[in-house]
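For reference, the structure discussed in these notes is given below.
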Amino acid sequence: MTTFARPFLSSCFSFIIALIASSATFAQPGSAGKRPNIIFIFSDDHAYQAIGAYGNKIAKTPNIDRIAREGALLTNNLVTNSICGPSRATLLTGKYSHLNGYKRNDNTRFNTNQTLLSEELRKSGYQTAWIGKMHLNSLPAGFDYWNVLPGQGNYYNPDFIGQPNDTTRYTGYVSDLITKFSTEWLEKRDNSKPFFLIVGHKATHREWLPDLQDLGAYDDVDFPLPSTFYDDYSGRTAALQQDMTIDKTMRMKQDLKVDVDYEKDWTYNRFNPEQKKVFKAYYDKVTQEIKDKKLTGKALVEWKYQRYLRDYYSTANSLDRNIGKLLDYLDQSGLAKNTVVIYASDQGFYLGEHGWFDKRFIYEESLKTPFVIRYPGVITPGKTVKDLVMNVDWAPTVLNIAGAKIPADIQGKSFLPLLKAPQTAKTPWRKEAYYHYYEYPQPHHVSPHFGIRTDRYKLAYFYGGVDAWELFDLEKDPTEVSNIYGKQGTEKIAADLKAKLKTLMGQYKDDEALKILAAAKK
């Protein structure tokens, strides 16, 4: 071998070794080049039963439906505490309310000095952002960027709190602005890092103010009454004592925009003259309609129900339309191929079932929340997951997708294996889910309660406001109107569920609930 050839071959060999090493590093889970971007779109009070992918034939949700069609739909995605702020705290911590410290929608400041999904992702090399509604009485932590609504936020011309804690008012409709700020951040982000973005929508929160272009979008629809609309709550004391009915609780002026004083009502102070003119013209017709009809009794209640759903669904139109804008941006920018897109709501919501609006109860409509996820190349399009997934599982699943370590104090577990496995795979997974709700007496006078949900049964204990057990056979009674607790032949079922409930309380370290359970009547 010539003197020239030796250094040349040595140099080539070194280059090849370096290239292999570089390629190996690049392929490692957790490297910026291979790890997927993650967008978590999080709405407020959007019921699963108001989405086309979940079987609704009236709702106009083509873009949420698209995520489900191109990815997976979870049919038993359950929350651990059916209320807005606590659900967001659970998303960020992967922990139950009793451990993350955020049990109620009150003046509690969310404790950011604990393990946070955002901080774990950032430590793992992700660039992180939260844009839109947060509703935790504290500024975002663990995020490189934020631009969030103060408190509940406003539908029209809302304020946003940016960095460093500056508040700016913007002209426009909140759903449009949230999407605008989200795409602007995506344009300006650090392209060398994968990103995690939470898009927090205000829609479809009460008082359901639709975008101007969506006013009257469902006026030609006659919504069918749910079979439980005139529920008499027989055998369910807590349900009887609540204050969240369309009949008695829903307000004509604030909720249904009847006979509004647009000059004095603070809700409409943010409207500019052009917005107010269009909005007022539409609802003046609604006001005139109810005055002309002079309805009473059931006719009035059912009119309120129709108006409620027309406003609710119309408000949801802007939510879905803006999800479509974000999906289009991902397509056009080339990001779609390596971006996981998740859509979920903070909890379920009542659309007239049991005569109600709002959430809170362990009953199905508020316990279950929509969750659809698209993960190109990993999730087979059109997949359905029926396993019991809880919102404590969201954080560890996102961390798992990102190739990041899941901290030991996170109480949920990643359901990524359920998404990746074929539907015929027998993936070991939980058989029971645990729930605990606290907020009482206001608003809505729903008694605190905890409970357990299996694939067939649900057992709940109400305390504080009322003292009562409830047991439902979801197979025979899917609408949960027949409380069979204490009925002959159900003793063993109840005993088994109580034992499992106690085990779950211990597993999730809910010491307060264990004490209440020990003192509960049999």
Side-chain angles (χ1 to χ4, degrees), residues 35-46 48 51 63-64 66-68 70-74 77 79 84-85 87-94 116-122 124 126-136 140-149 175 178-179 181-183 185-186 189 193-203 319-320 322-327 329-330 335-336 338-347 369-376 378-379 389-404 406 410 412 414-416 419:
R35 290 187 293 174
N37 307 306
I38 304 167
I39 296 179
F40 199 118
I41 306 168
F42 202 42
S43 66
D44 197 304
D45 293 345
H46 195 206
Y48 69 90
I51 296 172
N63 297 294
I64 298 173
R66 176 189 169 186
I67 300 172
E70 296 177 354
L73 178 146
L74 277 61
N77 183 58
V79 295
C84 307
S87 184
R88 287 168 174 77
T90 294
L91 165 63
L92 283 173
T93 64
L116 298 177
L117 169 62
S118 50
E119 188 59 51
E120 295 303 311
L121 287 170
R122 191 159 67 169
S124 182
Y126 271 72
Q127 190 175 15
T128 58
W130 189 315
I131 297 171
K133 185 170 183 178
M134 184 177 178
H135 192 213
L136 285 171
F143 291 93
D144 297 298
Y145 175 83
W146 71 79
N147 198 13
V148 296
L149 297 168
S175 302
I178 290 168
T179 301
F181 299 150
S182 296
T183 54
W185 179 79
L186 289 170
R189 76 190 192 283
K193 297 180 179 180
F195 64 81
F196 172 67
L197 168 63
I198 295 180
V199 181
H201 278 285
K202 175 176 173 60
L319 167 66
D320 187 83
N322 276 278
I323 291 172
K325 290 179 184 177
L326 191 55
L327 294 177
Y329 172 83
L330 296 177
L335 288 169
N338 193 39
T339 299
V340 175
V341 179
I342 298 168
Y343 173 73
S345 181
D346 49 4
Q347 75 277 309
T369 197
F371 192 102
V372 294
I373 176 172
R374 185 180 75 180
Y375 191 169
V378 175
I379 298 176
V389 171
M390 300 188 297
N391 58 349
V392 287
D393 301 326
W394 297 350
T397 301
V398 169
L399 289 169
N400 196 183
I401 290 171
I406 300 173
I410 282 183
S414 171
F415 55 87
L416 182 58
L419 300 173

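Treat the numbers as computed from the prediction; the structure is a model and nothing was measured.
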Which atom pair, heavy atoms only, marks the closest approach of [X] to [Y]?
X: M134; Y: R88; answer: O-CD, 2.6 Å
X: T339; Y: L330; answer: CG2-CD1, 4.2 Å
X: I131; Y: S182; answer: CD1-CA, 3.6 Å
X: P396; Y: V392; answer: CD-O, 3.2 Å
X: Q127; Y: D144; answer: CA-OD2, 3.3 Å
X: N322; Y: H201; answer: CB-CE1, 4.2 Å

**Asked** side chain to side chain contact (heavy atoms under 4.5 Å, CB included) between V398 and F196: does it pass, once the steps are laid out?
**Response** CA-CA 9 Å; V398 169; F196 172 67; 3.9 Å; yes
**Request:** Evaluate the criterion side chain to side chain contact (heavy atoms under 4.5 Å, CB included) for residue pair N147 and I178; output intermediate values, then yes/no.
**Result:** CA-CA 9 Å; N147 198 13; I178 290 168; over 6 Å; no
Measuring from atom [atom1] of [X] to atom [atom2] of [Y], what distance do you get when rounded to the nearest 0.5 angstrom?
X: L92; Y: I198; atom1: CG; atom2: CD1; value: 5.5 Å
X: C84; Y: D45; atom1: SG; atom2: CG; value: 4.5 Å
X: L74; Y: I373; atom1: CG; atom2: CD1; value: 8.0 Å
X: F195; Y: L121; atom1: CZ; atom2: CG; value: 12.5 Å
X: L319; Y: I41; atom1: CG; atom2: CD1; value: 8.5 Å
X: I406; Y: E120; atom1: CD1; atom2: CD; value: 10.5 Å

Residue pair [X] / [Y], side-chain heavy-atom distance below 4.5 Å:
X: N400; Y: F415; answer: no
X: L186; Y: L326; answer: yes
X: L399; Y: L117; answer: yes
X: Y375; Y: P36; answer: yes
X: V341; Y: R374; answer: yes
X: N77; Y: M390; answer: no
X: F371; Y: S345; answer: no

**Message:** Using salt bridge (Lys or Arg N to Asp or Glu O under 4.0 Å), reason through K133 and D346 one step at a time and then give a plain yes or no.
**Reply:** CA-CA 11 Å; K133 185 170 183 178; D346 49 4; 5.9 Å; no
**Request:** Determine, stepwise, if the pair L197 / I38 fulfils side chain to side chain contact (heavy atoms under 4.5 Å, CB included).
**Result:** CA-CA 6 Å; L197 168 63; I38 304 167; over 6 Å; no
**Prompt:** Between the side chain of D320 and the main-chain N/O of I64, is any donor-acceptor distance below 3.5 Å?
**Reply:** yes
**Prompt:** Is it true that a side-chain atom of S118 and a backbone atom of A141 form a donor plus acceptor pair closer than 3.5 Å?
**Reply:** yes
**Asked** Testing L91, T90, I342 for side-chain contact (heavy atoms from CB on, under 4.5 Å) with W394, which one passes?
**Response** L91
**Prompt:** Would N391 and T369 satisfy side chain to side chain contact (heavy atoms under 4.5 Å, CB included), going step by step from the backbone distance to the final call?
**Reply:** CA-CA 9 Å; N391 58 349; T369 197; over 6 Å; no
**Prompt:** Centroid-to-centroid, W130 to Y145, below 6.0 Å?
**Reply:** no
**Request:** Go through the side-chain N and O atoms of S43 and Y343 and say whether any donor and acceptor fall under 3.5 Å apart.
**Result:** yes
